[in-house]
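In what follows, a structure is listed as structure tokens, so that the remarks can point back to it.
Computed from a prediction, not measured in an experiment: that's the story for all the values here. What you see below is based on every heavy atom in this structure, not just the backbone, and it leaves out hydrogens, waters and symmetry mates.
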Amino acid sequence: MSLNKLRNIGIAAHIDAGKTTVTERILYFTGTNRKIGETHDGAATMDFMKQEQERGITIASAAITCKWADHQINLIDTPGHVDFTIEVERSLRVIDGMIAVFCSVGGVEPQSETVWNQAERYRVPRIAFINKMDRIGADFDEAVNQMNKYLDANAIPLQIPMGAEDSFIGIVDVLKQVAYTFENNTRTEIAIPNEYKEIAIQVKKNLIEKIAEYNEEIMELFFDEKEIPEEKLKNAIRQATLKLLITPVFCGAAYKNIGIQLLLDAVIDYLPSPIDVGAVIGHDLYDSEKSHSRNPTNSEHFSALAFKLINDPYVGQQTFIRIFSGKLESGMQLYNSTKMKNERVGRIFRIKAKEREEISEAGAGEIVALVGMKLTKTGDTLCAPDFPILLESIHIPVSVIELKINSAKQKDKEKLGEALAKLVNEDPSFHAHYDEETDETIISGMGELHLEIMVDRLKEEFKLEVEVGEPSVSYRETITEIVESSYRHVKQTGGHGQFAHTDIRLEPNSGNGYEYVNMIKGGVIPAEYIPSVDKGVQKIMNRGILAGFPIVDVKVVLFYGSFHPVDSSDMAFQLCGEQCFKQGFMKAKPMLLEPVMKVEVNTPDEYIGDVVGNLNRRRGKIESMRRHRKGSQKVVAIVPLAEMFGYSTQLRNITSGRANFSMEFSQYMALPLNVQEQVLKKIKEKENNK
């Protein structure tokens, strides 16, 4: 199959905009599914996890291959809930184009903006689908206006709806100047009804004016008032879309099977093939200043990115990869340039949601799953062993919420560790570690729902009985002053003793993470022990000193020390670095940092005072308030995560269930001193009660 006829696309949107319903219709109309699965029945093909079916939401991105108009479409359906934003991140990293779905009633919702910004980061061309045109309150023009106002999308309608709500009867194709009705899952082309003729002509005129700004040929024809051939106009729209200059807008009602075939045509007409995207750029393994490119052809050296891992009960771990160049065959040896180790390909599968079809080879542009990979994780680059390249990895958001869990049965302790290791492998935004001092396992993730799902999976998939504590905030520790610290580690035992001496300077390094600077001169500490000090410092930074939370944003400068020719060792300098840092840290006025969330609330006008007052009481800082739709407003606030537990219940109570909100991590900020004292006091009390 020609690469021109391949489309790697994702579907992304706010929760409840109808992404999975759109996907189910695409699978039905492309002949991939014989019947339509509904989200609310728990029968959607792409929502095949038990947790997805119970909640009626998408949790994990699912991949599927289908065919339309002689083209192959690799389709990824992504979650809308902000707790699963890693799924959107990793999908956007490997797709070439995206369908952004908007609800015609809700318009641009908070998570729509998050997804849109993620697509901007990866420079993904988009088309928009305004869904649910049959719903009460549907407003196509308002949704388009919001796209331009809040997303700066330069949204240009290529279709207009005929009617709305109960009277939504079909769609006008602005380009062709024809209309379509949809009955019994069949689209029928008709002449544009009289009441829509004038607006259809006007919208086409506006469209040509807009496209003329980006295409000289169209501009000349427009100024000469000449007829512009449909193919020429279509090609100009395609080029402007691929360059991210415009967003073509389509509409429909997926649940009622209206507009899906036209949306599929638009995917073929306006979204890029791997050839349109062009060469992928990566770094040289040994010189980060040097870059390499790989063209999307089978004859090029192999390069691919692993973007997702799934543990399948039947075939074991599946590693999803996007092939950017070259040809892949089962049994082939590859080089994992991220880990700098070789990997051998076992079996190759083309994935159809939870089903799979084994294939012997795959080429450039394809998305496939590999079985038998031992080392490869999310974000790793796979390439030809003789021609290594390192591709841009995947942005992984920080985890902000913790939960203590333990196996209910002592004999299941080991099993719990193995299960958590598998889940951590699958989801890089999920973390788990065992605290030896407290004999507890601590898991951390993106939000309460994220951890709830993980605990559910431990019970359902791994058949483990687990006891769960209360969710708590994952604080960070840092310093506020520059200090110097000196420490001599001397231990005399039978035979060789231990000796190490280090002098270090600790400096606040706000927003820049951890930095280690070696300023040793004259060999007062041998070169082989310099990394040992770093290792010791990092070890204690991960454990924390003030209250057991990871330490961040500290610059450590090693500037002096001494050693013993017999008693000095790697371990001695690790222990010395650890204690020297600990001593300095406590002198550098340490403080706690707390995760602060960006909270967006959509509320009817009459509750605005109560909503704002409630956020203020939660130590929230209101950033903006704007008119969202007639009779409703959107409030954007920055609120500490510690104050957001139980917010959904309270918001429901104060607005009679009419407001909704979304929350995502914003940044770590200094904890006010009075609150810090309370937090440290609680931690101390817990430790004393153990």
Side-chain angles (χ1 to χ4, degrees), residues 86 89-90 93-94 122 279-296 300-311 316-348 362 364 366-396 421-433 513-518 527-539 541-542 570-571 573-574:
I86 180 67
E89 280 286 342
R90 53 171 150 210
R93 176 65 188 86
V94 296
Y122 293 111
V280 66
I281 309 293
H283 293 295
D284 186 273
L285 243 61
Y286 308 104
D287 182 358
S288 57
E289 298 296 307
K290 203 171 162 189
S291 62
H292 299 290
S293 64
R294 295 281 185 269
N295 291 306
E300 179 71 270
H301 303 305
F302 184 81
S303 70
L305 189 79
F307 70 96
K308 186 175 173 65
L309 270 68
I310 285 181
N311 282 295
Q317 184 177 283
Q318 291 181 13
T319 307
F320 282 75
I321 65 164
R322 158 71 196 263
I323 303 170
F324 288 101
S325 63
K327 198 172 176 185
L328 181 72
E329 293 173 352
S330 46
M332 196 168 152
Q333 177 132 316
L334 296 176
Y335 185 61
N336 181 326
S337 56
T338 310
K339 301 274 193 302
M340 294 198 170
K341 294 220 167 88
N342 288 324
E343 276 271 44
R344 189 168 292 282
V345 178
R347 298 154 77 191
I348 308 170
E366 292 212 59
I367 291 174
V368 292
L370 308 181
V371 171
M373 308 301 275
K374 290 182 171 64
L375 303 160
T376 304
K377 302 277 183 285
T378 298
D380 286 3
T381 300
L382 293 168
C383 55
D386 299 334
F387 299 94
I389 186 174
L390 191 60
L391 302 175
E392 182 198 343
S393 191
I394 292 164
H395 170 75
I396 295 169
K422 285 180 179 174
L423 294 177
V424 167
N425 248 350
E426 281 186 25
D427 183 349
S429 67
F430 174 68
H431 303 279
H433 72 273
Y514 169 64
E515 216 177 313
Y516 179 65
V517 181
N518 169 30
E528 67 264 30
Y529 298 140
I530 305 294
S532 308
V533 179
D534 182 23
K535 236 185 254 177
V537 168
Q538 288 202 50
K539 211 180 273 179
M541 282 182 72
N542 289 333
D570 166 55
M571 185 48 70
F573 271 96
Q574 275 195 50

Heavy atoms only: give me the nearest [X]-[Y] pair and the separation to one decimal.
{"X": "His292", "Y": "Arg294", "result": "CB-NH1, 4.0 Å"}
{"X": "Ile323", "Y": "Phe302", "result": "CG2-CE1, 3.7 Å"}
{"X": "Tyr516", "Y": "Val533", "result": "OH-CB, 3.5 Å"}
{"X": "Ser532", "Y": "Phe573", "result": "CB-CB, 3.8 Å"}
{"X": "Pro385", "Y": "Pro388", "result": "O-CD, 3.9 Å"}
{"X": "Tyr335", "Y": "Leu285", "result": "CE2-CD2, 3.6 Å"}

Look at atom [atom1] of [X] and say whether more than 12 heavy atoms of other residues, nucleotides or ligands are closer to it than 6.0 Å.
{"X": "Lys339", "atom1": "NZ", "value": "yes"}
{"X": "Lys422", "atom1": "NZ", "value": "no"}
{"X": "His283", "atom1": "NE2", "value": "no"}

Give a yes or no on whether the backbone of [Y] and the side-chain of [X] come within a donor-acceptor separation of less than 3.5 Å.
{"X": "Arg93", "Y": "Glu392", "value": "yes"}
{"X": "Ser337", "Y": "Ile389", "value": "yes"}
{"X": "Arg322", "Y": "Ile367", "value": "no"}
{"X": "Ser393", "Y": "Gly379", "value": "yes"}
{"X": "Ser325", "Y": "Ala364", "value": "no"}
{"X": "Glu343", "Y": "Leu375", "value": "yes"}
{"X": "Thr338", "Y": "Thr381", "value": "yes"}
{"X": "Glu300", "Y": "Asn295", "value": "yes"}

Within this structure, what is the [atom1]-[atom2] distance for the pair [X] and [Y], rounded to the nearest 0.5 Å?
{"X": "Asn518", "Y": "Ile530", "atom1": "CG", "atom2": "CD1", "answer": "4.0 Å"}
{"X": "Ser303", "Y": "Leu390", "atom1": "OG", "atom2": "CG", "answer": "11.5 Å"}
{"X": "Gln317", "Y": "Met373", "atom1": "CD", "atom2": "CE", "answer": "9.5 Å"}
{"X": "Asn336", "Y": "Asp380", "atom1": "CG", "atom2": "CG", "answer": "4.5 Å"}
{"X": "Leu334", "Y": "Cys383", "atom1": "CG", "atom2": "SG", "answer": "8.0 Å"}
{"X": "Ser330", "Y": "Arg347", "atom1": "OG", "atom2": "CZ", "answer": "10.0 Å"}

Note to self: Is there a side-chain contact (heavy atoms from CB on, under 4.5 Å) between Phe320 and Val94? Walk through the geometry before answering.
What the structure shows: CA-CA 10 Å; Phe320 282 75; Val94 296; over 6 Å; no

Next item on the list: Begin with the C-alpha distance, continue with both residues' side-chain angles, and end with the deciding distance and a verdict on side-chain contact (heavy atoms from CB on, under 4.5 Å) for Val424 and His431.
Entry: CA-CA 6 Å; Val424 167; His431 303 279; 5.5 Å; no

Item checked: Residues Ile348, Leu370; criterion side-chain contact (heavy atoms from CB on, under 4.5 Å); working and verdict -> CA-CA 5 Å; Ile348 308 170; Leu370 308 181; 4.0 Å; yes

Next item on the list: Could you point out which residue of Thr376, Leu382, Thr378 forms a side chain to side chain contact (heavy atoms under 4.5 Å, CB included) with Thr319?
Entry: Thr376

Notebook entry, point to check: Strictly by modelled atom types, are Asn542 and Gln538 linked by a side-chain donor-acceptor pair under 3.5 Å?
Noted result: no

